[in-house]
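Residues take their numbers from the sequence shown, with the count starting at 1. Please read these numbers as outputs of a predicted model, since none were measured by experiment.
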Amino acid sequence: MGLMTTTSHDTDQSTRPSLGEGTLIPTMSLDELRHVQTERLRTTVRAAYDKIPHYRKAFEDKGIHPDDIRSLDDVVKLPLTGKADLRENYPFGLFAVPREQVVRIHASSGTTGRPTVVGYTKRDIDTWADLVARSIRFAGGRPGDIVHVAYGYGLFTGGLGAHYGAERLGCTVVPVSGGMTDRQVQLIQDFGPQVIMLTPSYFLSLIDEMDRRGIDPHSTSLRVGIFGAEPWTEQMRAEIEGRTGIDAVDIYGLSEVMGPGVGQESGETKDGLHIWEDHFYPEVIDPDTQEPVAEGEVGELVFTSLTKEAMPVLRYRTRDLTRLSPGTAVPSMRRMERITGRSDDLMIIRGVNVFPTQIEEHVLAETALSPYFQCVLTQPGRMVQLTVLVEPHERMAASEAATLAHRLEHTIKTRIGTTARVEVRDPGTIERSMGKARRIVDERPKQ
Ligand code: DLL
């Protein structure tokens, strides 16, 4: 990486507008990082306890006090935080600063109940812009690039998060937001962006639109795609890179912790997401026992924010399943493996655990099939049934479709271990998303 600097150790959170990392990829040693994290953890814990009644009560319930948190190993003593805690404190109950100091609100709708609301101070927005700038740089974007942002703008953190980061890096931002697929393609043709940021599933729709209009997706100005906000696979990366010639890299984040830019994959090594550990302390726990898993084991990712002012979070349970491994491109910071799925997306089919990403791998291995698919869950009797809807690129004869369906059913049975019915639909009929793809359609009767 060409752009390197050491990171400031300044942990005085009250006076500095920004923590000083700017847009640069950190080169701090592991010792330095642990020192910074420890200081920041203590400040965060203190603020959470002093300023947020929810956390004060949670500390008291656990019989702990901020003074008990002296080192990073003490993190496990802290209470876990979940989506339910955000809902119970709706809308502003988890803010650690007076509402007047909150300059931005975002929210995620979720599938049920109240939305979860998050807030940012001016400095939080600044830190976020720095981290997204860092992420874009790490992915392979450069100051001076044109960045086409097709993540949705609004309460969702994708659009504005990407936007501020691209500006911070010194790029020219095209804030298209999601939707109007034909216009997206026209703007790519007209403005010549080098970088595009959107969900991988929506990018597939843009590639299809290019195909439809006779534009060779290899011929665009695009060099790097920064894809996230939903699970995707190595097979999907190969599909996107093969069809466009760009570098497709993964960006991770969630509103409750910040938004996009919590972790980013390097465009050079493409080996999973480095977590920006100077701002977010990761752990992986067993979702059932809530105990930390052994190093390198898969479990639920949990984050403690280290620099957030408006809404610090302690041990936030992401429900995302992954494993941690040592850093490569940034040696002191750990990587997380591509997310296999959220525990919410886990389908249990006759006792076998299946994530839509596992289905995606096998759908993409079938060259006649387009990458669009959906998993439909029904319950005709007592058993849950999984039907995988797929569609071919070109219309197929019934016999050909039947052969393909049987082959895929067989692969799913032998490779994933579950029984699924595969239904081949007509080209273009499976739901397209303009943001996060809806992979699971649950048609089971409501309990
Ligand atoms: O999706 C933030 C974001 C925007 C990330 C743009 C990346 C790009 P939420 O709407 O709160 O925030 O959803 C967060 O999306 O817990 C994961 O389940 C999923 N997710 C986000 N990035 C990835 C990724 C944004 N790269 C939830 N791979 C998270 C897999 C992802 N899942």
Side-chain angles (χ1 to χ4, degrees), residues 1-3 21-25 104 106 125-154 156-181 183-207 209-210 215 217-230 232 237 240-241 244-253 258-268 270 273-274 276 434-436:
M1 238 346 110
L3 198 63
E21 283 89 340
T23 64
L24 306 173
I25 315 295
R104 175 101 61 83
H106 281 285
I125 294 285
D126 222 38
T127 308
W128 187 14
D130 280 352
L131 291 181
V132 175
R134 186 197 278 183
S135 298
I136 298 172
R137 179 72 191 83
F138 197 51
R142 294 193 282 262
D145 281 345
I146 299 179
V147 179
H148 180 114
V149 178
Y151 285 120
Y153 280 63
F156 176 53
T157 52
L160 285 163
H163 185 109
Y164 275 57
E167 277 190 2
R168 176 62 52 89
L169 184 60
C171 300
T172 306
V173 188
V174 188
V176 196
S177 191
M180 290 195 276
T181 307
R183 197 175 64 153
Q184 304 260 358
V185 169
Q186 191 61 48
L187 292 177
I188 292 171
Q189 290 295 95
D190 295 348
F191 294 173
Q194 288 76 33
V195 178
I196 189 162
M197 302 178 73
L198 73 177
T199 59
S201 60
Y202 189 42
F203 190 55
L204 290 173
S205 298
L206 299 198
I207 306 176
E209 178 66 18
M210 290 180 198
I215 299 164
H218 276 91
S219 72
T220 72
S221 52
L222 291 172
R223 204 179 64 231
V224 182
I226 304 179
F227 302 116
E230 64 184 10
W232 56 304
R237 189 202 316 262
I240 289 175
E241 293 190 339
T244 61
I246 70 170
D247 284 318
V249 284
D250 202 359
I251 185 167
Y252 172 82
M258 180 177 76
V262 172
Q264 173 65 49
E265 186 171 46
S266 154
E268 283 173 17
K270 291 189 189 165
L273 303 115
H274 277 82
W276 300 133
M434 300 203 187
K436 295 175 190 263

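- Residues I226 and Q264 have side chains in contact (heavy-atom distance under 4.5 Å, counting atoms from C-beta outward).
- The aromatic rings of F227 and W232 sit perpendicular, their planes meeting at an angle over 60°, well past the 30° parallel limit.
- The main-chain N or O of S201 is found under 3.5 Å from a side-chain atom of E230 such that the two form a donor-acceptor pair.
- Nearest heavy-atom pair across S177 and G152 is OG-CA, 3.5 Å.
- Scanning all heavy atoms of the two residues, the minimum distance from E265 to A248 falls at OE1-O, 4.3 Å.
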Residue pair V224, D145: steps toward the side-chain contact (heavy atoms from CB on, under 4.5 Å) verdict: CA-CA 10 Å; V224 182; D145 281 345; over 6 Å; no
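- Interatomic distance, CZ of F203 versus CG of L222, reported as 5.5 Å (0.5 Å rounding).
- A distance of 9.0 Å separates CG in L204 from CG in L198, rounded to the nearest 0.5 Å.
- Using modelled atom types, one side-chain atom of R168 and one backbone atom of D126 make a donor-acceptor pair closer than 3.5 Å.
- Partner of W276 under the ring pair (Phe, Tyr, Trp, His ring centres under 6.0 Å) criterion, chosen from F138, Y252, W128: F138.
- Contact record, R223 with G140: NH2-O, 2.8 Å, taken as the closest heavy-atom pair.
- Remark: the backbone N or O of A229 is paired with a side-chain donor or acceptor of K436 at under 3.5 angstrom.
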Salt bridge (charged side-chain N to carboxylate O under 4.0 Å, His left out) between D247 and K270, worked out: CA-CA 9 Å; D247 284 318; K270 291 189 189 165; 2.7 Å; yes
Working for side-chain contact (heavy atoms from CB on, under 4.5 Å), residues V176 and F191: CA-CA 12 Å; V176 196; F191 294 173; over 6 Å; no
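- With hydrogens and angles disregarded, no donor-acceptor distance shorter than 3.5 Å links the side chain of Q194 to the backbone of S221.
- Closest approach of P200 and G228 over heavy atoms only: CD-O, 3.6 Å.
- Shown here is F156, whose CZ atom has more than 12 heavy atoms of other residues, nucleotides or ligands within 6.0 Å.
- A donor-acceptor pair shorter than 3.5 Å can be found between the side chains of Y202 and T181.
- Rounded to the nearest 0.5 Å, atoms CD1 (I246) and NE2 (H218) are 10.0 Å apart.
- Here the CD1-CD1 distance, from I215 to I188, works out to 8.5 Å after rounding to the nearest 0.5 Å.
- E167 contributes no side-chain N or O that, together with a main-chain N or O of T172, makes up a donor-acceptor pair within less than 3.5 Å.
- Across I207 and T244, no two heavy atoms sit closer than the pair CD1-CG2, 3.6 Å.
- Taking CD of E209 as the reference point, atom CZ of R183 lies at 13.0 Å (rounded to 0.5 Å).
- Listed here is the closest heavy atom pair of C171 and R142: SG-O, 3.5 Å.
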From CA spacing to verdict: side-chain contact (heavy atoms from CB on, under 4.5 Å), I196, L206: CA-CA 11 Å; I196 189 162; L206 299 198; 3.9 Å; yes
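- Rounding to the nearest 0.5 angstrom, the gap separating the OG atom in S135 from the CG atom in D130 is 10.5 Å.
- Aromatic ring centroids of H163 and Y153 lie under 6.0 Å apart.
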